[in-house]
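To keep things clear, I will list the structure first and then write my remarks on it.
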There are 2 protein chains.
Amino acid sequence: MFQIEILMAGKKENNTDIQLNLDEKDLGILKLLQEDAKMTIRDIARQLNLSTTPVYERIRKMEQAGVIKQYAAIVDPRKINKSLTVLCYITLKEHNKKCGRKFIQEILSFTEVTECLNISGEFDFMIKVQVKDMDEYREFYVNKLGELDNLSHTQSIFVISVIKATHQVVF
Amino acid sequence: MFQIEILMAGKKENNTDIQLNLDEKDLGILKLLQEDAKMTIRDIARQLNLSTTPVYERIRKMEQAGVIKQYAAIVDPRKINKSLTVLCYITLKEHNKKCGRKFIQEILSFTEVTECLNISGEFDFMIKVQVKDMDEYREFYVNKLGELDNLSHTQSIFVISVIKATHQVVF
DNA sequence: AATAAATCAGATATTTGTTCCAAATTGAAA
DNA sequence: TTTCAATTTGGAACAAATATCTGATTTATT
């Protein structure tokens with residue numbers, strides 16, 4: 001069992017620690033922008049029965065406070081030849097701080113890894129790997145992951161089908 | 001083992017099946033827009049040593065072909081009181097088409113579920129659940145997931161720390 | 001009732017996406 | 001290699017739409 005919290009503790013990647021009290025209007029704005037970041041302030045205002053000013057200011061505040069982390073174009077992996085998704089579970093041999101940090105650093109450098117979670121249970125980490133096909137996965141597994149020197153054991157679970165995939169956390 | 005492929009087969013949610021041959025320039029554009037969807041066509045053109053016309057037309061084509069699925073504001077879950085992420089693994093009792101479809105339909109309706117994958121291995125599905133805290137998770141687990149009548153067994157894995165989380169699939 | 005905060009409505013100046021056409025590049029054919 | 005057709009790109013220009021600001025007005029708070 002390896003808890004990475006300690007390692008990340010110093011890393012304040014949050015823009016600020018400002019904790020906003022988000023009300024219904026803020027959540028309404030977020031809901032719309034999560035669906036379509038290209039919506040204009042005017043349209044948002046219209047849908048929420050507000051004028052542009054409050055919408056404008058609320059968005060600005062939420063951007064500054066880090067509530068809105070980024071605006072991103074979401075790309076369909078299948079359309080760019082990255083159709084295979086693999087969940088790879090990893091347990092480390094050594095669990096001390098130094099080794100954990102090294103592992104994280106190396107994992108972060110692998111572009112195939114789109115997600116890395118420190119988890120409870122049998123394994124220490126789950127990484128999500130996005131590749132073209134099985135050949136490319138083997139290549140990754142053998143030559144990148146396999147080169148790390150702190151792995152105890154791993155397990156690869158293959159994604160057969162994506163039923164749902166969203167970034168929306170506001171309901 | 002439950003392969004949902006068949007169920008999803010008829011569901012062509014891809015805008016079109018146009019398969020674009022993306023070149024270096026297209027990938028360059030995608031790379032930038034994945035980082036920041038608010039970048040202007042002019043700025044993109046500048047960074048790639050192009051004029052606005054090709055950038056404009058390439059973006060339009062990629063939008064139409066579904067390469068770019070959407071533009072989204074990415075919200076930090078911790079800033080809106082959804083700090084707990086749980087991976088919940090599920091195996092169904094009945095694996096026939098009808099039951100699978102029903103399960104999927106119900107899962108999709110749960111707003112707490114931000115991701116649902118049909119996977120290989122011991123379990124049929126992995127769902128990612130985003131909630132405020134353990135109380136809210138229990139509430140979900142007991143009253144929503146627990147109400148489904150086709151569950152064989154489940155396992156909850158808790159996310160201790162998010163090391164990496166990106167939507168970038170273009171390098 | 002008085003003060004502070006939030007919202008409205010309207011106006012502005014900048015910026016943006018979008019178009020046009022000539023020039024350049026590419027790729028195939030000879 | 002040379003020629004020719006077909007794409008692709010550069011650069012400039014435009015109209016439309018946008019974010020942003022100001023001050024009056026409303027709403028909430030003390």
Side-chain angles (χ1 to χ4, degrees), chain A residues 14-76 79-81 167-168 170-171, chain B residues 14-76 79-81 167-168 170-171:
Chain A
N14 306 348
N15 276 5
T16 64
D17 281 327
I18 300 170
Q19 191 69 19
L20 287 185
N21 284 14
L22 303 174
D23 61 15
E24 293 304 316
K25 292 171 188 173
D26 291 312
L27 294 180
I29 292 171
L30 287 181
K31 211 168 155 186
L32 292 173
L33 285 179
Q34 278 188 319
E35 261 305 321
D36 179 11
K38 284 273 161 77
M39 271 193 89
T40 73
I41 292 179
R42 267 195 184 70
D43 285 339
I44 296 170
R46 207 167 299 153
Q47 287 213 28
L48 301 179
N49 290 324
L50 286 169
S51 67
T52 61
T53 314
V55 174
Y56 171 71
E57 286 181 351
R58 282 160 183 271
I59 290 177
R60 197 171 49 80
K61 272 182 192 165
M62 291 194 287
E63 287 171 352
Q64 286 173 352
V67 176
I68 297 175
K69 282 196 293 186
Q70 79 172 322
Y71 296 96
I74 308 297
V75 173
D76 185 343
K79 294 290 175 72
I80 59 161
N81 253 315
H167 321 298
Q168 302 186 218
V170 183
F171 323 132
Chain B
N14 305 347
N15 276 3
T16 65
D17 281 327
I18 299 169
Q19 190 68 19
L20 287 184
N21 283 15
L22 303 174
D23 60 14
E24 292 304 316
K25 291 170 187 172
D26 290 311
L27 295 180
I29 293 170
L30 286 180
K31 208 168 155 187
L32 292 173
L33 285 179
Q34 279 188 319
E35 260 306 320
D36 179 11
K38 284 272 162 77
M39 271 193 91
T40 75
I41 292 180
R42 274 194 176 70
D43 284 341
I44 296 170
R46 208 167 300 152
Q47 287 213 28
L48 301 179
N49 291 322
L50 286 169
S51 67
T52 61
T53 313
V55 174
Y56 170 71
E57 286 181 351
R58 282 160 182 272
I59 290 176
R60 196 172 49 82
K61 274 182 191 165
M62 290 193 287
E63 287 171 353
Q64 285 173 352
V67 175
I68 297 175
K69 284 196 291 186
Q70 83 173 314
Y71 297 96
I74 309 298
V75 173
D76 186 342
K79 294 289 175 73
I80 59 161
N81 253 316
H167 320 297
Q168 302 186 217
V170 183
F171 322 132

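Protein chains get the first letters and strands the later ones, always in sequence-line order, with residue 1 at the start of each. Computed from a predicted structure; not experimentally measured. When reading the values below, keep in mind they use all heavy atoms of this one structure, side chains included, and skip hydrogens, waters and symmetry mates.
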Between [X] ([atom1]) and [N] ([atom2]), how many Å, whole number?
{"X": "B/Glu57", "N": "C/dG17", "atom1": "CD", "atom2": "P", "answer": "14 Å"}
{"X": "A/Ile59", "N": "D/dA19", "atom1": "CD1", "atom2": "P", "answer": "8 Å"}
{"X": "A/Arg42", "N": "D/dA17", "atom1": "CZ", "atom2": "C1'", "answer": "7 Å"}
{"X": "A/Leu33", "N": "D/dA19", "atom1": "CG", "atom2": "P", "answer": "10 Å"}
{"X": "B/Asp26", "N": "D/dT8", "atom1": "CG", "atom2": "C1'", "answer": "12 Å"}
{"X": "A/Ile41", "N": "C/dA9", "atom1": "CD1", "atom2": "P", "answer": "17 Å"}

Remember a base hit wins even if backbone is also touched, and classify [X] as base, sugar-phosphate or nothing at under 4.0 Å, heavy atoms.
{"X": "A/Thr53", "answer": "base"}
{"X": "A/Lys25", "answer": "sugar-phosphate"}
{"X": "B/Arg60", "answer": "nothing"}

What heavy-atom pair brings [X] and [Y] nearest, and what distance separates the two atoms?
{"X": "B/Ile80", "Y": "A/Leu30", "result": "CG2-CD1, 4.1 Å"}
{"X": "A/Ala37", "Y": "B/Ala73", "result": "CB-N, 3.7 Å"}
{"X": "A/Lys79", "Y": "B/Leu22", "result": "O-CD1, 4.0 Å"}
{"X": "B/Glu35", "Y": "B/Gln168", "result": "OE2-OE1, 2.6 Å"}
{"X": "A/Ile59", "Y": "A/Leu33", "result": "CD1-CD1, 4.0 Å"}
{"X": "B/Arg58", "Y": "B/Asp23", "result": "NH1-OD1, 2.9 Å"}

note = Contact check, residues 44-51 of chain A vs DNA chain C, heavy-atom distance under 4.0 Å, returns A/Asn49, A/Leu50, A/Ser51
remark   = Which of D/dT8, D/dA12, C/dG17 is nearest the side chain of B/Thr52? It is D/dA12
key: Distance below 4.0 Å between A/Tyr56 side-chain N/O and D/dA19 OP1 or OP2   = no
query = Is B/Arg58 near enough to D/dT9 that one of its side-chain N or O atoms lies under 4.0 angstrom from OP1 or OP2?
reply = yes
Closest-nucleotide 5' rank along DNA chain C - winner of A/Pro54 and A/Lys38 = A/Pro54
query = Are any side-chain N or O atoms of B/Lys38 and backbone N or O atoms of A/Tyr71, one a donor and one an acceptor, separated by less than 3.5 Å?
reply = no
